[in-house]
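We name chains A, B, ... by the order of the sequence lines, and we start the count at 1 in each one.
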2 protein chains.
Amino acid sequence: MNIGHAAERSGLPAKTIRYYEDIGLIVPERSDNGYRDYSNEDVHRLRFLQRSRSLGFSVGECRQLLSLYDDKARESSEVKALATAKLGEIDRKVAELLSLREMLGRFVDLCHGDDRPECPIIEGLSRDVPLQ
Amino acid sequence: MNIGHAAERSGLPAKTIRYYEDIGLIVPERSDNGYRDYSNEDVHRLRFLQRSRSLGFSVGECRQLLSLYDDKARESSEVKALATAKLGEIDRKVAELLSLREMLGRFVDLCHGDDRPECPIIEGLSRDVPLQ
DNA sequence: ATAGGGATTCCAGTTACTGGAAGGTCAAGG
DNA sequence: CCTTGACCTTCCAGTAACTGGAATCCCTAT
């Protein structure tokens with residue numbers, strides 16, 4: 001299967017698939033004409049990558065996950081530890097965004113948003129300690 | 001004021017301040033010895049940058065905000081529009097993270113996490129359609 | 001005189017791709 | 001047989017927003 005087809009079936013752009021090959025995540029066979037030739041198992045692996053990345057795993061973590069995926073004797077606790085750590089990261093990220101949201105939201109609420117130059121948002125951004 | 005002091009007072013690393021100068025966000029005076037010399041107003045501007053960045057504005061957006069900050073005749077509606085758009089972005093990002101969190105959390109819950117190789121997380125990541 | 005702590009510039013690396021140029025391959029149509 | 005268009009190849013460069021490091025310079029204190 002050519003890269004275009006593999007791209008379609010995995011949901012990853014062809015460019016990205018080549019990049020993943022550059023960094024050694026997936027190395028397909030080559031056809032006689034030099035084209036990359038992906039097996040169904042390769043596509044599976046690509047989809048695994050696509051899904052892991054979209055779930056917020058870094059490429060490095062995907063590499064770890066792939067080696068666990070390849071290791072038929074892995075212990076599920078290893079995988080669970082990785083995934084649980086990632087959950088914690090997501091939670092921290094959400095909390096951080098929510099606190100930013102709250103501060104910015106307060107600035108926005110205070111701003112009348114008309115044609116006058118006074119603007120609590122600008123003031124909030126430049127004040128030493130925003131909101132007392 | 002030397003860059004070290006400006007860094008301390010603005011909460012930005014000196015490296016970052018030099019970078020901001022490279023990209024034209026803030027250009028301080030120079031002392032006779034060639035050292036950068038920051039005024040109190042410069043520090044104010046740096047803090048504005050620090051705060052805006054930490055609130056999730058991109059450097060490009062900070063550039064916009066700075067020009068509004070500099071423009072004494074700006075209309076507050078302009079600033080409000082920018083900030084409101086950013087709020088929407090934050091909300092979208094949070095929603096996305098929460099949905100990732102939910103999916104990954106379900107995989108983690110399903111995994112017994114022991115020394116056996118069966119692992120619903122790996123399976124979830126490699127399945128075509130995770131959790132129907 | 002020298003030792004330290006800061007300052008300077010410049011170059012390279014990071015993450016995870018993405019865009020583009022120059023060229024090779026293949027199947028279909030005239 | 002030739003061309004056209006859609007694919008494929010490699011390689012180089014650029015993105016965002018810094019960060020690290022090397023080589024060198026400046027200032028102050030002992």
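- Taken together through direct or relayed side-chain contacts under 4.5 Å among Ile, Leu, Val, Met, Phe, Trp and Tyr, Leu68(B) and Val59(B) form part of one hydrophobic cluster.
- Atom CG in Leu55(B) sits roughly 17 Å away from atom C1' in dA17(D) (whole-Å rounding).
- Between the side chains of Asp42(A) and Ser39(A), at least one donor-acceptor pair of N or O atoms lies under 3.5 Å.
- For Arg30(B) and dT8(C), the CZ to P distance is 6 Å, given to the nearest whole Å.
- Between Asn2(B) atom CG and dC25(D) atom P there is a gap of 19 Å when expressed in whole angstrom units.
- Leu98(B) and Ile90(B) fall within the same hydrophobic cluster, defined by Ile, Leu, Val, Met, Phe, Trp and Tyr side-chain heavy atoms under 4.5 Å apart, directly or through other members.
- Using a 4.0 Å cut-off between charged side-chain N and carboxylate O, Arg92(A) and Glu89(A) make no salt bridge.
- Look at CD on Glu61(B): it is 12 Å from P on dA16(D), rounded to the nearest Å.
- Of the residues in residues 6-25 of chain B, Lys15(B), Arg18(B) come within less than 4.0 Å of DNA chain C through at least one heavy atom, sorted by number.
- Rounded to a whole Å, the CZ atom of Arg63(A) is 12 Å from the C1' atom of dT15(C).
- Taking OG of Ser77(B) as the start and CG of Asp115(A) as the end, the distance is 7.0 Å to the nearest 0.5 Å.
- Of the possible polar contacts, none joining the Arg18(B) side chain to the Ile3(B) backbone as a donor-acceptor pair under 3.5 Å is found.
- Atom CZ of Arg36(B) and atom OG of Ser31(B) lie 11.0 Å apart (nearest 0.5 Å).
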Show the distances under 3.5 angstrom between N or O atoms of the protein and N or O atoms of nucleotides 22-26 of chain C.
unit_1	atom_1	unit_2	atom_2	d
dG24(C)	N2	Tyr35(A)	OH	2.9
dT25(C)	O4'	Tyr35(A)	OH	3.2
dC26(C)	OP1	Asn33(A)	ND2	3.3

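- Judged by closest nucleotide on DNA chain D, Ile3(A) is the one of Ile3(A) and Ser58(B) placed further toward the 5' end.
- Taking every side-chain heavy atom of Arg36(A) into account, dT10(D) is the closest of dC18(D), dT10(D), dC17(C).
- With hydrogens and angles ignored, the 3.5 Å screen pairs a side-chain donor or acceptor of Asn33(A) with a backbone N or O of Tyr35(A).
- Sparse packing is recorded around CD of Glu29(A), with 12 or fewer heavy atoms of other residues, nucleotides or ligands lying under 6.0 Å away.
- For the pair Phe57(B) CZ and dA17(D) C1', the computed distance is 17 Å after rounding to whole Å.
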